[in-house]
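Single-structure report; data block below.
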Amino acid sequence: MAELTYRDAVAAGIAQEMTRDENVVFLGEDVAAAGGVFKATVGLLDKFGPRRVRDCPISEQAILGAAMGAAMTGLKPIAEIMFSDFLAVCWDIVANEIAKIRYMTNGQITLPLVIRTANGAGSRFGAQHSQSVENWAMAIPGIKIVAPAFPADVKGLLAAAVRDPDPVLFFEQKSLYSMKGEVPDGEYVDELGKAKVLRAGRDCTIVALAAMVHRALGAADILEKEHGISCTVVDVRSLVPLDTQTILREVVKTGRLVTVEENPRLCGWGAEIASIVADECFWDLDGPIVRITTPHVPLPSADLLEDNAIPSVERVVREIREKID
Amino acid sequence: MAELTYRDAVAAGIAQEMTRDENVVFLGEDVAAAGGVFKATVGLLDKFGPRRVRDCPISEQAILGAAMGAAMTGLKPIAEIMFSDFLAVCWDIVANEIAKIRYMTNGQITLPLVIRTANGAGSRFGAQHSQSVENWAMAIPGIKIVAPAFPADVKGLLAAAVRDPDPVLFFEQKSLYSMKGEVPDGEYVDELGKAKVLRAGRDCTIVALAAMVHRALGAADILEKEHGISCTVVDVRSLVPLDTQTILREVVKTGRLVTVEENPRLCGWGAEIASIVADECFWDLDGPIVRITTPHVPLPSADLLEDNAIPSVERVVREIREKID
Amino acid sequence: MDTSAKRNKSSPPAPDIGRETRLELYRLQLELRYCEKRAYDLFLQNLIKGTSHLSLGQEAIAAAFGVAMRPDDWTFCTYRGHAHTLARGASMEGVLGELMGRQCGLLGGKGGSMHLTDVKKGAMGSYAIIGAHLPVAAGAAWSAQYRGTEQVAVCFFGDGTANIGAFHEALNFAAVWKLPVVYVCENNLYMEYTPISAVTAVEHPAADRAAAYGLPSIIVDGNDADEVYKVAREALNKARAGGGPSLIEAKTYRHSGHSRADPAKYRPEGELEKWLQRDPIVLYRERLLKLGFNEPTLIDMEAEAMRQVDAATATAKASPLPSVDDIEKNVWADGGSAWRN
Amino acid sequence: MDTSAKRNKSSPPAPDIGRETRLELYRLQLELRYCEKRAYDLFLQNLIKGTSHLSLGQEAIAAAFGVAMRPDDWTFCTYRGHAHTLARGASMEGVLGELMGRQCGLLGGKGGSMHLTDVKKGAMGSYAIIGAHLPVAAGAAWSAQYRGTEQVAVCFFGDGTANIGAFHEALNFAAVWKLPVVYVCENNLYMEYTPISAVTAVEHPAADRAAAYGLPSIIVDGNDADEVYKVAREALNKARAGGGPSLIEAKTYRHSGHSRADPAKYRPEGELEKWLQRDPIVLYRERLLKLGFNEPTLIDMEAEAMRQVDAATATAKASPLPSVDDIEKNVWADGGSAWRN
Ligand SMILES: Cc1ncc(C[n+]2csc(CCOP(=O)(O)OP(=O)(O)O)c2C)c(N)n1
Ligand SMILES: Cc1ncc(C[n+]2csc(CCOP(=O)(O)OP(=O)(O)O)c2C)c(N)n1
Ligand SMILES: [Mg+2]
Ligand SMILES: [Mg+2]
């Protein structure tokens, strides 16, 4: 095991797969010569050359369209969309083309491709560069969705995404890029669709994703030590496929569900999970389902405002103390 | 009161507002000379002339961008996006520009504009022309969302949308265009953010939107007459602002909630409502929350397949019989 | 063929078109014509539901490319794609069956008229949202370039499509990467119901923009199968030889409305009549006769095309409806649609 | 000024630039320069969080348009918009305060460096997603045309932006509707870190595409405020007179990296040095001296600009932080953010 940053785990995952399979190619804006604006792909150009690692014009529709056309004719492209907010400029290619073509052609066309993108807040970039849009993607049938919280998951799930025969949208959380963690050496491949129980408790099950996993863990610590409230923390990791078995099982154990979402409130992934739980383990619930999210506003840029908009450890502690007894 | 089709109520609503306010203008593809591909805007060009009713190139980003720029400088544009699926090609303008500019500028820029679009299935058009995407929009802070189920609501809510100082996304359900109903004569303006209780029951509250309202009403009829299950039916009408008071009140009365959504399952508006109910009136619930949605697949085109994908009256009856006792 | 001054003069002159090829061009145009006509009849009988966009009058373009392309080349087309899909060799019962929503349909009823696809024949999909397939075609071309297969992607679209953003992105992208892709704009003078001239800043929506991507401006008579064939061969050769993309504007006209629902009242009087006199199939028949082809051969060909259409119609009508279980099939590569465990 | 052969020769020759105007051009360039430099210093002191994109080296363009525009004209700019916003008369404390996330900021800390806006001064927003503001500017121009106000919308963007779909849609739309909008491409040779030539099919990303929208190709030395001023005046007059849109490509160079985080290692050796010798402010100072302006006046102007920047810095530093309550304010016109009752 080596210690890697979340950022370096991205390059490690891509390199592992490009080494394994000549048909894996990588394209995006400023990704090759410059190694990406988040420096997550440094070294790939040197290692794999300009035929396989390509800089693109500012043409997101062309980038994802090209990835789609390449995937249906034998390549396995990894395409970068620099900030997840920019998925909006190529949303047609994601939601209407990539996600639907296999179904519309009754299975004639299959798309083994990965779209990587930097998601989320915390950099004081303002409303157009800070969104968490995993819920946009979750609403679209036909695309798998992964959002890792740890460097090891970045490498393992990215490799799994590349090997998956279906299109995968891979959300890298900007605020985690410099986080360090142990990452297995050598070939490492994880599995899509498996949530992880990171901490087992008795009173409440907190379900979180990406950066919010760390806040949930921090809150669970404080709740246990300072307030005697014992929480389970589940890292969802993959929204599609969704590991409802793990989530339902853990909610049944504690009788309570709290979701912690970085996205603004309405139609977040937590709403979907809440609706599943309120249907399928209603009789096991001991109290209301609580969703902790960013308020339903675009994100402000000033540090003070941004920090207070995104769910913080303190807010998770406070809300759980108020609502779970 | 005259009897109008849902389609004609669109033109009536637009005409009423264009007559009232010289700054209301209307633009879209094939909307002027041809009166729109759904013939919902026939007659407007003759009435208001080519300065106020304008045909556009196939450039959805330009159309909505132009509407935005016009709205911030004194006009009150109504822009048509022919099919709601095409919102994907201009999603950046909707989600990142129109919805966010007021907040980002701390209120310096306000956008009194309306985006009208034909939403939903039932015409055997296939996966790229049949989607119900109101949940895409609901996930975006900064845009109001209306989806009428009756001709009178089309006229009244469209007028309210035009008069609203904020951007409104107005979903017209394709499958309802030829439906007839009484529409108040003369100036008629409704109010955004008010749900309507269309039928009062004792056993279960069905919350529905647009075309699904009619299926919910049909199901409620059968459930009452044939199975002795008495249902409340709430027509949400406006997703943002959301009339949670009416919904919560009606759920408290019956103790059960069923949502009927035309959108595919994940992150539908019903999930949001389910999560609100599971939090705020958990103790009043007598059983699980049930969501009836289109399965989480792109839509198939053949009539048999399409009809069986969208929630039908029969399916609503069946699911409520199975899950509500 | 009319090319701008900028056109690369050094490309070799197209060799003449052989007699077999000419017969093939005629045969294919007839098949496309009769199959489209049948589609129209089947609407009227309410056997085809939903919408449908016919290529009646535009067949020369699809046919000429169909003949010029290599079997392993790829076609990307629009919702107006029946002809282009058939021209690659997709079966008539597959096409008509799909329009009728039958199991024998190319897509088993999942896609319908606007999404015809036959991957085995290189027909890589019909795309119903304007512009989207232009970058997708570039991607296929990239894959051919990457693997050195000398395959070419051919992408058809309409005049109205030249005004959407994806057109611009795809053309620049293809030009910068020198991709083996041929973009073919079928300028039929209208977007849906609006004349293209009312919404476009230049006379030729595609050709007048070729220079913006460093490409020569190419305009061809889209109702003359020979002319289209020559341009097609040249562009395909250029792409195969590593010369990069081409953008071709083919001038043509659709005989019917935009789609099933459209009676095409917006056309000025006499316009249709004028174009009917330039019906590509009538013109081509005259040319063949002038070139000494014998009339009975042509009449046989016509009868054979009709017979094929009849047979395909019968097969499609006899084909069962899809099964309701199909709704939840084929979202994922595993054949299913599960989003949870 | 270098214009292509296609440029409309009939537009009246720009009258010469008056002395007052020249001083104004110099003064404005100095203010933009010193304010940007201060922004840079404030980063280093960690008083500015987040990112920031400086216009150091590109000031002549924003300044020349600032001077040429009518007070009620509208500016639309990008995340690299400090200079353009100041050039319309926005206060330095409003700009620096916003960068520092203070209450006195133009947006009260809600928008930050990338979204500077001052509607009262006609600065209609800074847009951080490439291309989006081009159609928005067209819309403002439409509103001016509709109401007959003779206002003009001016829209600034970069070379890299000429490759995105929205550029194409906006230019065609503006040309077809003959809208009073001036599109100004500041070609600084790079998108973020990638040279524009590596990703663009033509040499001049904007000018070589003007013909695709029926517009003349206009290229101007973006480091020469007088030249930009003349082109600006001409385009603004044309727009006001109902002559429709213009597309101007101004060649320039940014002295610093793309954004705060960028040390700009990708630039070939000597390139920056070469461009520093063409620093627009140095050039302009030399010209003024040659034209007989007296040096002490220029020195005073410089001192005054620095003083203003100092004063604005002090005001911004003294301004309180925004209130946490602001988070839920100003989504809607009623000042709040309620999505439910
Ligand atoms: C993004 C988008 N906008 C609008 C439409 C609706 N639409 C379908 S076909 C069409 C006209 C296309 O015109 P053209 O490109 O000339 O092709 P033609 O139909 O003439 O073959 C339009 C506007 C669409 N499918 N996608
Ligand atoms: C749609 C979109 N894609 C990518 C980006 C990231 N990005 C920000 S600035 C930039 C480069 C823009 O280059 P150019 O237009 O030349 O402007 P400059 O920064 O040189 O002024 C890029 C790629 C973005 N903001 N929006
Ligand atoms: Mg056309
Ligand atoms: Mg640049």
Side-chain angles (χ1 to χ4, degrees), chain A residues 27-39 50 54-63 65 81-83 85-90 92-93 121-131 174 264-267 294-310 312, chain D residues 48-51 79 98-103 105 107-115 127-132 158-167 190-196 198-201 205 258-259 261-262 265-266 321-331 337-340:
Chain A
L27 76 167
E29 293 164 19
D30 303 299
V31 298
V37 298
F38 297 105
K39 301 291 169 220
R54 302 198 66 158
D55 278 324
C56 295
I58 310 177
S59 307
E60 280 80 4
Q61 294 187 78
I63 293 169
I81 296 298
M82 198 185 282
F83 286 74
D85 314 69
F86 310 164
L87 286 168
V89 302
C90 48
D92 177 57
I93 308 286
S123 309
R124 293 74 177 91
F125 285 168
Q128 294 187 331
H129 282 70
S130 307
Q131 293 171 87
K174 283 196 282 296
R265 161 89 202 201
L266 297 184
C267 295
T294 295
H296 202 61
V297 300
L299 279 170
S301 73
D303 43 2
L304 179 83
L305 301 181
E306 188 179 36
D307 287 341
N308 282 283
I310 304 299
S312 60
Chain D
I48 292 181
K49 315 285 166 56
T51 186
Y79 51 88
E98 186 60 31
L99 270 54
M100 294 163 72
R102 303 297 169 121
Q103 270 186 23
L107 320 167
K110 293 288 254 304
S113 156
M114 298 205 280
H115 299 297
Y127 298 77
I129 297 194
I130 294 295
D159 45 286
T161 303
N163 289 331
I164 204 162
F167 164 87
Y190 291 89
M191 36 185 279
E192 296 209 354
Y193 316 142
T194 304
I196 190 66
V199 293
T200 314
H258 166 71
S259 68
D262 171 27
K265 295 257 166 70
Y266 45 83
L321 294 176
S323 147
V324 169
D325 297 339
D326 293 346
I327 294 170
E328 304 206 29
K329 286 190 185 146
N330 271 328
V331 170
S337 63
W339 52 269
R340 59 177 288 185

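Basis for what follows: all heavy atoms, side chains included, without hydrogens, waters or symmetry-related copies.
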Side chain, backbone, both or neither: which part of A/V89 has a non-hydrogen atom closer than 4.5 Å to chain D? side chain
Residue among A/L266, A/D55, A/D85 with most heavy-atom pairs under 4.5 Å to chain D: A/L266
Tell me which of these, A/D307, A/L304, A/L299, A/V37, has more heavy-atom pairs under 4.5 Å with chain D than the rest. A/V37
Side chain of A/D30, backbone of D/T194: donor and acceptor closer than 3.5 Å? yes
Among D/K110, D/E98, D/R102, residue most engaged with chain A (heavy-atom pairs, under 4.5 Å): D/K110
Nearest heavy-atom pair of A/L305 and D/S323: which atoms, and what distance? CD2-O, 3.4 Å
Begin from the C-alpha positions of A/Q128 and D/M114 and carry the test side chain to side chain contact (heavy atoms under 4.5 Å, CB included) through to its verdict. CA-CA 9 Å; A/Q128 294 187 331; D/M114 298 205 280; over 6 Å; no
Residue pair D/S337 / A/V297: nearest heavy atoms and the distance that separates them: CB-CG1, 3.8 Å
In terms of heavy-atom proximity below 4.5 Å to chain A, should D/A198 be classed as side chain, backbone, both, or neither? neither
A/P300 vs D/D326 side-chain heavy atoms within contact, under 4.5 Å: no
Could you tell me which of D/G111, D/G105, D/G101 has the largest number of non-hydrogen atom pairs under 4.5 Å with chain A? D/G111
Segment of A/A309 engaging chain D (4.5 angstrom heavy-atom cut-off): both
Proximal component of D/S113, with respect to chain A [non-hydrogen, under 4.5 Å]: neither
Go through the steps to decide whether D/E192 and A/M82 satisfy the test side chain to side chain contact (heavy atoms under 4.5 Å, CB included), and finish with yes or no. CA-CA 11 Å; D/E192 296 209 354; A/M82 198 185 282; 3.7 Å; yes
Please flag which part of D/T51 lies under 4.5 Å from any non-hydrogen atom of chain A: side chain, backbone, both or neither. both
Heavy-atom pair with the smallest gap, counting every atom of D/I327 and A/P295: CG2-CG, 4.2 Å
In terms of heavy-atom pairs under 4.5 Å with chain D, which of A/A33, A/C56, A/A127 leads? A/C56
Would you sort out whether D/W339 and A/R265 count as a side chain to side chain contact (heavy atoms under 4.5 Å, CB included), showing the intermediate values? CA-CA 10 Å; D/W339 52 269; A/R265 161 89 202 201; 3.8 Å; yes
Distance (rounded to the nearest 0.5 Å) between D/I129 CD1 and A/I58 CD1: 12.5 Å
Please state whether the side chain, the backbone, both or neither of A/S123 comes within less than 4.5 Å of a heavy atom of chain D. backbone
Select one option (side chain, backbone, both, neither) describing which atoms of A/D303 are under 4.5 Å from chain D's heavy atoms. side chain
Quick one: closest heavy-atom pair of D/M191 and A/P57, and the distance? SD-CA, 4.4 Å
Could you look at D/Y193 and say if it's the side chain, the backbone, both or neither that has a heavy atom under 4.5 Å from chain A? both
What part of D/V331 gets closer than 4.5 Å to chain A, counting heavy atoms only: side chain, backbone, both or neither? side chain
